[in-house]
**Q** 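First, the structure itself, so that you have it in front of you.
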Protein chains: 2
Amino acid sequence: MKGEREGLKCADISSELLEIQRMSEDDCKRELSRLSKGLAHPARVEIVRILENKPLDKRCVCGDIVNALPLAQSSVSQHLKVLKETGWIQGEIDGPRVCYCTIKGMSEYYLALMNRALHGV
Amino acid sequence: MKGEREGLKCADISSELLEIQRMSEDDCKRELSRLSKGLAHPARVEIVRILENKPLDKRCVCGDIVNALPLAQSSVSQHLKVLKETGWIQGEIDGPRVCYCTIKGMSEYYLALMNRALHGV
DNA sequence: ATCGTTTATCGTAGATATACGATAATAAGA
DNA sequence: TCTTATTATCGTATATCTACGATAAACGAT
């Protein structure tokens, strides 16, 4: 399957870019506010940054993220949940661990959403 | 003064674009999450959309925004306050009214912030 | 089967967000 | 001055967010 790497297949939202034009205005605004809420906390911005900058051949499990943040494990787990629900990241169970990665093309998707929601383009 | 139009001078953040490179990583993440929180509600996205799409020769007072949203005046006023605090809009008192407009170049500023906070660019 | 590791979920406490009606503040106009 | 129009703020109720420790669930290894 395309996009597979080291056993972890990261979703790619690039193909959804054109779908934005077909969304209703209300859906567009809801979608933009949903994604914005995902980044509305410094810890979550940091998590996305970590996952975006991770080398392609390295994997990043929950524990790695916990170690990188000054928060309790349960708090980090909650932030990961929010990022999953708002569509920024993806998690894949690997034995007792969970391997996380960002959704490919999400930044571009976010920008296109913003352009359409705010400027009607 | 540059940027003045119909008596309302809208701030322009374009000149701050280069400052982003000089911000600390933490400030960058805080700034990105702050701006994201501004758009983290559909009503606020709609307000920014209204102000972005307003003809340059027309002004937009609080009452216009209240009429465009299905919310009570006090709720809209609160959302306007959040948008002011997070840096998306600006208000100028004009008699008993308050005239609102977006900050010029904010979308570009937001994107640059995102690029640096998430990708270190 | 049992133990240790890893991660999600539960329970909880305090803070913040969201909505509304009511009220206060400000300015224009009669 | 008094009234009207406009907008911000107050008070309040409910919901969501954020953090933590404790516990549960899932899995590999012994």
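Naming convention: chains lettered A, B, ... in sequence-line order (proteins, then strands); numbering from 1 in each chain.
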**Q** Under the 3.5 angstrom rule, does the side chain of A:R44 hit a backbone N or O of A:G38 as a donor-acceptor pair?
**A**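 Yes, A:R44 side chain to A:G38 backbone: donor-acceptor pair under 3.5 Å.
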**Q** With the side chain of B:P96 defined as its heavy atoms from C-beta on, choose the nearest nucleotide among D:dA5, C:dA8, D:dA8.
**A**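 Of D:dA5, C:dA8, D:dA8, D:dA5 is nearest to the side chain of B:P96.
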**Q** Using whole Å, report how far CD1 of A:I89 lies from P of C:dT7.
**A**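 Atom-to-atom, A:I89 to C:dT7, this comes out as 13 Å.
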**Q** Heavy atoms only: give me the nearest A:A117-A:C28 pair and the separation to one decimal.
**A**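 For A:A117 and A:C28, the tightest heavy-atom pair comes out as N-SG, 3.9 Å.
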**Q** Does B:R97 have a side-chain nitrogen or oxygen under 4.0 Å from the phosphate oxygens OP1 or OP2 of D:dT7?
**A** no
**Q** Within a radius of less than 6.0 Å around CD1 of A:I93, do more than 12 heavy atoms belonging to other residues, nucleotides or ligands occur?
**A**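 At most 12 heavy atoms, drawn from other residues, nucleotides or ligands, come within 6.0 Å of this atom.
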**Q** Could you tell me which non-hydrogen atom of A:L17 sits nearest to which non-hydrogen atom of A:Y109, and how far apart they are?
**A**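 Closest pair (atom of A:L17, atom of A:Y109, distance): CD2-CA, 3.7 Å.
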**Q** Taking the side chain from B:K54 and the backbone from B:K58, do they hold a donor-acceptor pair closer than 3.5 Å?
**A**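 Present.
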**Q** Is the backbone of A:E92 close enough, under 3.5 Å, to the side chain of A:R97 for a donor and an acceptor to pair up by distance?
**A** no
**Q** With the threshold set at under 4.0 Å for non-hydrogen atoms, list the residues of residues 37-48 of chain B touching DNA chain D in residue-number order.
**A**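 The stretch gives none, as no residue of it lies under 4.0 Å from the strand.
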**Q** Could you check which of D:dA19, C:dA8, D:dT7 has an atom nearest any side-chain atom of B:C62?
**A** D:dT7
**Q** At a heavy-atom distance below 4.0 Å, what parts of residues 75-86 of chain B sit against DNA chain C?
**A** B:S75, B:Q78, B:H79
**Q** Output the rounded distance in Å from CD1 (B:I93) to P (C:dT26).
**A** 9 Å
**Q** Please work out if A:V66 contacts a base, only the sugar-phosphate, or nothing of the nucleic acid, heavy-atom cut-off 4.0 Å.
**A** nothing
**Q** What about B:L69 and B:V61, same hydrophobic cluster or not, with Ile/Leu/Val/Met/Phe/Trp/Tyr joined at side-chain heavy-atom distances under 4.5 Å?
**A**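 No, B:L69 does not connect to B:V61 through the hydrophobic network.
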**Q** Round to the nearest Å and state the distance from B:Q90 atom CD to D:dT7 atom P.
**A** 16 Å
**Q** Output the rounded distance in Å from CD (A:Q73) to P (C:dA8).
**A** 7 Å
**Q** Can you measure B:L69 atom CG to C:dA19 atom P for me and round it to whole angstrom units?
**A**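 About 10 Å, once rounded to whole Å.
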**Q** A:D94 has an atom CG; how far is it from atom P of C:dT7, in whole Å?
**A** 10 Å
**Q** Measuring to OP1 and OP2 of C:dT6, would you say a side-chain N or O of A:Y100 lies under 4.0 angstrom away?
**A** no
**Q** A:C101 and A:C60: sulfurs closer than 2.5 Å?
**A** no
**Q** Determine the interplanar angle of the A:H79 and A:H41 rings, folded into 0 to 90°, and report it as parallel if under 30°, tilted if 30 to 60°, perpendicular if over 60°.
**A**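 Rings of A:H79 and A:H41: tilted, as their planes differ by 30° to 60°.
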